[in-house]
*Asks:* 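Next up is a structure, given as structure tokens.
Basis for what follows: all heavy atoms, side chains included, without hydrogens, waters or symmetry-related copies.
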Amino acid sequence: MKNEIIHINKIWESMVKEKRDPTLLPHIDINEIVSEILAVGPFYYYIIDFYDFSIPQISKGFKEAHGLDPNQIETVKSFH
């Protein structure tokens, strides 16, 4: 069994490149993908900081659902 493992290791080492270059992949927003899969119709999400009731992040779907630019919403009071 030990000889078989040594043989497998030698094969593996011969297949591995000496220099590996990183693969550049596009940024994937997992929250957006999961939300699109699970939601039926328009949807959005937002984060509220309850310390000062600010809204540091609103998803793109907010405008589609409410017709308001999400960049104009900064606090919970902005909804009124």
*Asks:* Quick one: are Tyr44 and Lys63 in side-chain contact, heavy atoms under 4.5 Å?
*Replies:*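 Counting from C-beta outward, Tyr44 and Lys63 never come under 4.5 Å.
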*Asks:* Who are the side-chain contact (heavy atoms from CB on, under 4.5 Å) partners of Ile5, not counting sequence neighbours?
*Replies:* Met1, Asn9
*Asks:* Not counting sequence neighbours, which residues clear side-chain contact (heavy atoms from CB on, under 4.5 Å) with Phe53? List them please.
*Replies:*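 Expected list: Phe50, Val76.
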*Asks:* Residues two or more places apart in sequence or in another chain: which of them pass side-chain contact (heavy atoms from CB on, under 4.5 Å) with Asp69?
*Replies:* Asn71, Gln72
*Asks:* What's the separation between atom OG1 in Thr75 and atom CD1 in Ile48, rounded to the nearest 0.5 Å?
*Replies:* 10.0 Å
*Asks:* How far does CD1 of Ile55 sit from CD1 of Ile47, to the nearest 0.5 angstrom?
*Replies:*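 Taking CD1 in Ile55 and CD1 in Ile47, the distance rounds to 10.5 Å.
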*Asks:* Taking side-chain contact (heavy atoms from CB on, under 4.5 Å) as the test, write out the residues that go with Glu64, two or more places apart.
*Replies:*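 In terms of side-chain contact (heavy atoms from CB on, under 4.5 Å), with neighbours along the sequence ignored, Glu64 is linked to Pro42.
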*Asks:* Do the side chains of Ile73 and Tyr46 join up, straight or via other hydrophobic residues, at under 4.5 Å, putting them in one cluster?
*Replies:* yes
*Asks:* Not counting sequence neighbours, which residues clear side-chain hydrogen bond (donor to acceptor under 3.5 Å, both in side chains) with Asn3? List them please.
*Replies:*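 In terms of side-chain hydrogen bond (donor to acceptor under 3.5 Å, both in side chains), with neighbours along the sequence ignored, Asn3 is linked to no residue.
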*Asks:* Residues two or more places apart in sequence or in another chain: which of them pass salt bridge (charged side-chain N to carboxylate O under 4.0 Å, His left out) with Lys60?
*Replies:*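 Scan of Lys60 (salt bridge (charged side-chain N to carboxylate O under 4.0 Å, His left out), adjacent residues dropped) gives Glu32.
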